Student: 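Below you will find the structure I want to go over with you.
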Amino acid sequence: MSSDSEDMPLAKRKEQQQRANNPSTDDDNLDSGSDSDTPLGKRKRPAVRKRVLDDEDDDDEADTLSSSDSGAPAVKRTRPSVATRKSYKDDSSDSDGEGDYRGSSDSDVPLAKKKSADSKAKTNGSAKTNGTNGTSRTKAAPKYKEESSSDSDAPLAKKAASKTKIKTEPVSSSKSKQGTTTIKKRGKEEVDDKSKVKKVKKEEADDKSKVKKAKKEEDEDEDADAWWLNQKENEDDSVKWTSLKHNGVYFPPEYVPHGVKMKYDGKPITLAPAVEEVAGFFGALLFTEHAENPTFQENFFKDFSKIAKAHKTSPEITSFKKCDFTPMYEYFQVEKEKRKNMTKEQKEAAKQEKLALDEMYGTCYLDGRKEKVGNYRIEPPSLFRGRGKHPKTGCLKLRVQPEQVTLNLSKDAPIPKAPAGHKWGAIVHDDTKTWLATWKENVNDSTKYVFLAAGSSLKGQSDLKKFETARALKKEIDWIRRGYMADLKDKKMFIRQRATAMYLIDRLALRAGNEKGEDEADTVGCCSLRYEHVTLEKPNIMHLDFLGKDSIRYQKSVEVDEQVFKNIRLFKREPAQEGDDLFDRLKTSELNKHLQNLMKGLTAKVFRTYNASFTFQDQLEKKTPKDGTVAEKLLAYNRANRDVAILCNHQRAVSKGHAGQIGKIEDKVRAYKYQRMKQKKMILSLEPKLKKKRPELLEPESDLEDDWIEEHETQLMEKERERIKAKFEKDNLKRKENKEKPMPASELKDLLKEVDVRAKELAKERKTGVVPPTRGATVEKCNAQILKLDERIAATRLTLTDKEENKQTALGTSKINYIDPRISAAWCEKHKVPLDKIFTKTLRDKFKWAMTVDENWEF
DNA sequence: GACTCAACTTAGCAGGAAGGAA
DNA sequence: TTCCTTCCTGCTAAGTTGAGTC
C-alpha cells in the first residue's frame with residue numbers, strides 16, 4: 001500500500017493531478033527534526049491514545065502549562081465588556097495601544113502581515129502600524145499592505161497558496177489584476193472603442209430581454225407568500241409549521257427480470273429474479289472505478305453470494321473471480337442506447353409521466369401554501385457507493401419497504417395510501433421537524449429523510465438564518481480573534497489547543513472534524529487531525545496533508561503565526577507519534593460549547609460561511625472592472641468565486657477531455673485570427689493607399705506561423721471537398737426520390753476542380769502575401785467583418801481563460817452553500833449584470849429571498 | 001461527561017437537458 | 001437538422017450540530 005488514496009480512485013486521481021502540476025509538493029523542504037515526514041499511506045488508525053503530556057512547555061516558551069488542565073472548563077468568555085475588549089486590544093505591545101488589533105478593520109489583516117507587524121512592533125515598541133481609525137475596510141491597516149496590497153483580507157490559506165509550494169491557485173489580486181489588465185490590453189488591441197460600445201449596447205439589449213424573460217418565468221412560478229418580508233427577529237423557530245399535507249413518497253417500481261444470463265466459470269447461468277437484480281447492480285458498474293475496487297468487490301460478493309445461496313443457484317456461486325457480468329453490462333448499454341434513441345412521442349410520454357409524479361409527490365401544502373418537495377423518491381436498491389476508502393463500499397442497499405417508512409404530517413391531513421398490500425411504518429405529527437418522511441437504511445444504519453426542496457420557505461428561512469449568523473460574526477470577529485490569539489499562550493493545554501484549533505478553523509476554513517468510527521472512511525477535520533497530517537518547517541510554515549470530507553485531499557502549506565507554530569510543535573512532541581491526535585484534549589462539542597459562549601449561534605462552521613462570504617465580497621469588489629463588458633465582469637465574478645472555492649478546498653476531477661477541449665478552443669481563436677488576417681489583406685488590395693493611414697493592417701497576427709496557415713488551409717480545402725461530396729450525394733438522392741435524372745459525376749468533378757483552383761490561389765496568397773478581393777467585397781464590409789472577428793476572438797479568449805482556471809476547482813458548492821446570495825444580487829444590480837448569468841433557475845428559486853436587496857447591500 | 005442518534009447542511013458526481021455550431 | 005459540448009439537476013454520501021440518555 002503506497003498511499004492512503006490508493007483504492008480511492010478520485011482522491012488518487014486528484015493527488016496525481018496535484019503532483020503532476022506541482023512536483024515539489026512532496027515533503028522535500030520540511031524540517032527533518034522531530035516532525036517526521038510520515039507518508040500518509042503508512043497510517044493505521046489506532047484506538048485514540050490520549051497522549052500523556054507533562055504539560056511542560058515548549059523549550060522556547062517562558063510560561064508553563066498547568067498540569068491539571070485536561071478537560072478543564074473553558075474560561076467563560078461571553079462577549080466581553082468594553083473594558084475587557086479593551087484589555088484584548090491592549091494585549092498588543094504597541095505603546096499606542098492600537099497596534100495589533102484595531103477596531104473593525106483589524107479582522108481584515110492577514111495573519112502573516114499581522115505577524116510581521118507584530119514583530120516590527122516588538123522591535124519598535126512605539127511604531128504605529130496604522131494611521132487610520134479602521135472604519136473603512138479598504139483603508140484599514142495600510143502598513144500591512146506594503147508586502148502586497150492585494151490580499152490583505154485574504155484568509156491564510158489563500159495567501160499561502162501564492163507564497164509556498166502548494167498546489168492551489170494563487171489568489172492574490174495582484175495576479176488577477178494582471179490577468180484583467182492583460183485581457184483589457186488585448187481587448188484594446190483587438191476591439192476599438194466603437195465596437196466596444198456597440199457590443200456593450202447589444203449585450204445590454206440582449207440582457208434586458210433575457211432578464212424580462214427570466215422575470216416573467218419567475219413571476220409565474222413565484223410563491224405568492226414572500227415569507228422573507230414578514231421575518232420577525234428572535235421569533236421562536238422551533239415550530240416549523242401549523243399544517244402539513246402531502247401524498248407520501250414514491251417507491252421505485254418492483255424489479256422486472258430481463259433474463260440476461262451472467263456467466264459463471266465461463267458458462268451462462270440462470271438466476272432467480274432477486275439474484276439477477278443484485279448481479280445487475282454490479283454489471284451496471286462494470287469497468288467503473290467502483291467495480292475495480294477490491295473492497296467494493298469483496299463487500300458486493302459477500303452480499304451477492306448470500307442471496308445466491310438463499311435462492312440455490314446452480315452451480316453454487318462461491319468465487320467472485322469466476323463471475324462474469326459482461327453480458328449484463330452489454331445489455332444495459334443497449335438499453336441505454338435505446339433510451340437515447342427514443343422517439344419524440346416516447347420522450348414526451350416519459351416527460352408526462354415524470355410531471356405526473358412531480359405533481360403527485362413533488363408538491364405538498366405547508367401552512368396552506370403549495371411547496372415543492374425535494375427527494376420524494378425512496379432510494380432504490382443498489383450497491384452502496386461509499387467514497388474514498390469506505391470499508392462498506394459495495395454492500396447491498398436493500399429495497400425499502402413502506403413498513404420501514406414513517407410519515408410526518410398534520411393531524412388533520414389525510415394519511416396517504418400505502419402501496420397495495422403494505423402499510424406505513426408509522427405516522428407522526430411532529431411540527432418541530434421539517435421532514436415529510438423518514439426511514440433507516442441498512443448499510444450504515446443511517447436515517448434518511450424526505451425534505452422540502454431547496455427553494456421552499458423552510459429551507460429559505462434556514463439559509464437566511466445561516467447567513468445572518470455569519471454576518472453577526474463579522475461584527476464580533478475582531479475581539480473573538482483577539483481572544484483566541486491571547487489564548488494561544490494560555491497555561492492550560494486544553495485552552496491552548498482550543499485556541500490553536502480556532503485559529504486553524506478561522507484562518508484556513510477547516511471543518512470542525514468530529515471523531516469517526518471504524519466502519520467509516522478515515523477522513524479528518526481540524527479537531528481530528530493527527531500527528532502525521534501536519535509537518536512543520538522553520539521558521540513558521542505548516543504543511544497540511546490529509547483527507548477531508550468525501551476523501552478529498554487537503555494539501556496546503558501555510559505560513560502561520562509564530563505562536564501557532566510553537567503550539568503545533570508542542571502538540572506534536574514526544575511521546576506523540578503517528579496515529580495520535582494532534583488536539584488530544586479537544587473535542588468538537590467542547591469547541592462549539594465555547595463558541596456558543598462567545599456569540600449566540602456561533603459554531604465552527606459559521607467561520608467557514610463568514611470567511612467565504614467575506615472573501616467573496618472583498619475579492620468581487622477588487623476584481624470587477626468598472627467599465628468592463630458583461631463578459632469581463634463575469635470573469636471577475638467567477639474568479640472571486642474561485643478564490644472562495646480554493647479557500648474551502650472544493651475540488652473536482654479534471655474532466656477527461658479537458659486538454660482536448662482547450663486545444664480546440666485555441667484552434668478556434670487561431671482560425672478567427674486567420675480570417676481577420678485575410679480581411680485585412682483584402683482591404684489593402686481594395687485600397688492600397690490605406691497602408692500608410694492604417695498601419696495596423698500590415699501587422700502580422702500573433703500565433704499564426706506559416707506552417708500552421710498551410711496546414712489550416714489544407715484542412716479547409718479538405719473539409720470543403722467533403723462538404724461538396726456530401727451535398728452532391730444528398731442532392732442526387734433527392735432527385736432519385738423525385739424521379740429526376742441524377743447529376744452526372746462530371747459535375748462533381750468540376751466542383752472539386754474549383755476547390756483545387758481555390759487551393760492554388762491560397763498557396764499563391766501565402767507566397768505573395770496579397771489577397772485579392774472576393775466578389776462584392778468593399779472596405780466597409782471588410783471592416784465590419786474585422787469587428788465581428790475581434791469580438792469573437794475576445795469572447796473565445798475569455799472562455800479559454802475561465803475554463804483553464806476552473807478545471808480543478810468546483811465553484812458550485814461555495815456558490816450554493818457558503819456565499820451569501822445577497823452579495824451576488826447586489827453586485828448584479830450595481831454592475832448591470834443579469835442575474836441569470838450567475839444563478840441558474842433553480843438557484844434563483846432557492847435564493848429568491850435574497851433577490852430584493854439594493855445595489856448597496858453589504859455582507 | 002461520554003456516548004448515541006436525529007436532523008439538518010454540505011458535497012461531488014452521473015446523466016440528461018439544453019444550447020450552440022456546423 | 002444533427003451532432004457535440006456544456007450546463008444543470010437530481011441523487012445520495014458525508015459532514016456538523018445539538019439534544020437526549022445513561
Side-chain angles (χ1 to χ4, degrees), chain A residues 9-11 14 71 73 238 240 284-285 288-290 336 339-340 342 347 350-351 354 358 362 374-380 382 384-388 390 392-393 397 406 408 430 432-435 438 440-441 443-449 451-454 458-459 462-463 465-466 511-517 520-521 523-528 548-552 587-593 595-596 601-606 608-609 612 645 648-653 655 657 660-661 664-665 668 719 722-723 726 799 803 810-814 816-818 839-843 845-846:
Chain A
L10 177 63
K14 280 176 180 162
S238 61
K240 312 287 185 194
L285 294 175
T288 66
E289 286 166 350
H290 286 297
K336 208 190 248 179
R339 273 199 302 278
K340 231 162 99 184
M342 277 194 306
K347 279 182 186 168
K351 197 178 166 188
K354 188 183 174 292
D358 277 347
N375 52 329
Y376 60 79
R377 289 164 196 269
I378 292 282
E379 291 173 18
S382 63
F384 171 67
R385 296 187 216 185
R387 294 172 193 163
H390 199 297
K392 289 192 172 177
T393 191
K397 237 173 75 171
T406 300
N408 187 24
D430 190 345
T432 65
K433 305 291 184 289
T434 66
W435 54 265
T438 182
K440 272 257 167 111
E441 150 281 345
V443 176
N444 296 297
D445 203 30
S446 67
T447 320
K448 302 276 186 167
Y449 299 91
F451 289 114
L452 290 185
L458 282 180
K459 295 280 187 193
S462 173
D463 255 8
K465 196 176 159 195
K466 172 180 79 182
R511 294 188 186 85
N514 287 307
E515 275 180 38
K516 293 190 74 182
E520 294 173 279
T523 60
V524 298
C526 183
C527 295
S528 49
K549 184 178 178 181
D550 293 317
S551 295
I552 296 291
K587 278 186 181 163
T588 52
S589 52
E590 288 158 344
L591 176 69
N592 278 334
K593 212 165 142 192
L595 296 177
Q596 285 291 347
L602 184 60
T603 64
K605 86 187 179 87
V606 178
R608 243 167 112 80
T609 314
C648 297
N649 203 39
H650 292 144
Q651 296 185 24
R652 62 170 180 172
S655 69
Q661 286 162 9
K664 272 187 185 168
I665 300 174
K668 206 166 146 188
K719 270 186 195 164
E722 274 166 25
R723 192 190 64 81
T799 315
K803 201 174 175 66
L811 302 190
T813 310
S814 48
I816 295 167
N817 299 301
Y818 289 107
F839 288 141
T840 62
K841 169 87 176 70
T842 312
L843 280 188
D845 194 35
K846 173 177 161 73

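Residue numbers start from 1 in every chain, and the chains themselves are labelled A, B, ... in the order their sequence lines are given, proteins ahead of strands. The basis for the numbers below is simple: all heavy atoms, side chains too, and nothing from hydrogens, waters or symmetry mates. Predicted model only: the values in this text are computed from it and were never measured.
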Student: I'd like to know if the side chain of A:Lys587 and the backbone of A:Glu515 have a donor-acceptor N/O pair within less than 3.5 Å.
Tutor: no
Student: In whole Å, I'd like the distance from the CG atom of A:Asp445 to the C1' atom of B:dA6.
Tutor: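 Value for this atom pair: 12 Å.
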Student: Can you tell me the distance, in whole Å, between the NZ atom of A:Lys459 and the C1' atom of B:dA7?
Tutor: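 Distance check: A:Lys459 NZ to B:dA7 C1' gives 9 Å.
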Student: So does A:Ala810 get a backbone contact from the side chain of A:Gln651, meaning a donor-acceptor N/O pair under 3.5 Å?
Tutor: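 Judged by distance alone, no pair lies under 3.5 Å.
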Student: Nearest whole angstrom, please: distance from the C1' of B:dA6 to the NZ of A:Lys440.
Tutor: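 After rounding, the reported distance stands at 9 Å.
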Student: Checking A:Lys392 now: which residues fulfil salt bridge (charged side-chain N to carboxylate O under 4.0 Å, His left out) with it, not counting sequence neighbours?
Tutor: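 A:Lys392 satisfies salt bridge (charged side-chain N to carboxylate O under 4.0 Å, His left out) with A:Asp519 only.
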Student: How would nucleotides 12-22 of chain C be written as a contact map, 5' to 3', with B for base contact, S for sugar-phosphate-only contact and - for no contact, using protein heavy atoms under 4.0 Å?
Tutor: BBBSBBS----
Student: Counting only side-chain N and O atoms of A:Thr447, is one of them less than 4.0 Å from OP1 or OP2 of B:dC5?
Tutor: no
Student: In whole Å, I'd like the distance from the CG atom of A:Leu458 to the P atom of B:dT9.
Tutor: 9 Å
Student: Distance check: side-chain N/O of A:Tyr376 vs OP1/OP2 of C:dG10, anything under 4.0 Å?
Tutor: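 The answer is no; no side-chain N or O of A:Tyr376 sits under 4.0 Å from OP1 or OP2.
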Student: Please give, in whole Å, the distance from B:dT9 P to A:Trp435 CH2?
Tutor: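 In whole Å, B:dT9 P and A:Trp435 CH2 are 15 Å from each other.
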Student: How many whole angstroms separate atom CG of A:Asp430 from atom C1' of B:dA7?
Tutor: 11 Å
Student: Do the charged groups of A:Asp463 and A:Lys459 touch, with an N to O distance under 4.0 Å?
Tutor: no
Student: Over how many whole Å does the gap from A:Leu811 atom CG to B:dT10 atom P extend?
Tutor: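 Nearest whole value for this atom pair: 17 Å.
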Student: Between atom NZ in A:Lys846 and atom C1' in B:dC8, what is the gap in whole Å?
Tutor: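 Rounded to the whole Å, the gap is 12 Å.
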Student: Side-chain contact, heavy-atom cut-off 4.5 Å: A:Cys527 with A:Leu591?
Tutor: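 Heavy-atom side-chain distance check passes, below 4.5 Å.
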Student: Would you confirm whether A:Asn375, through its side chain, and A:Phe451, through its main-chain N or O, come within 3.5 Å as a donor-acceptor pair?
Tutor: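 Answer holds: yes.
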Student: Short question: side chain of A:Lys397, backbone of A:Val443 - any donor-acceptor pair under 3.5 Å?
Tutor: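 No: the side chain of A:Lys397 does not pair with the backbone of A:Val443.
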Student: Can you tell me if the side-chain N/O atoms of A:Lys351 get under 4.0 Å from OP1 or OP2 in B:dG16?
Tutor: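 For B:dG16, OP1/OP2 do not have a side-chain N/O of A:Lys351 under 4.0 Å.
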Student: Hey, is the main chain of A:Leu285 close enough, under 3.5 Å, to the side chain of A:Thr288 for a donor-acceptor pair?
Tutor: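 Present.
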Student: Would you classify A:Lys433 as touching base, sugar-phosphate or nothing, given that sugar-phosphate means primed atoms plus P, OP1 and OP2, and contacts are heavy atoms under 4.0 Å?
Tutor: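 Sugar-phosphate contact only - A:Lys433 comes under 4.0 Å of backbone atoms but never of a base.
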Student: Can you pull every protein N or O that's under 3.5 Å from an N or O on nucleotides 3-5 of chain C?
Tutor:
{"residue": "C:dT5", "atom": "OP1", "partner": "A:Lys664", "partner atom": "NZ", "Å": "2.5"}

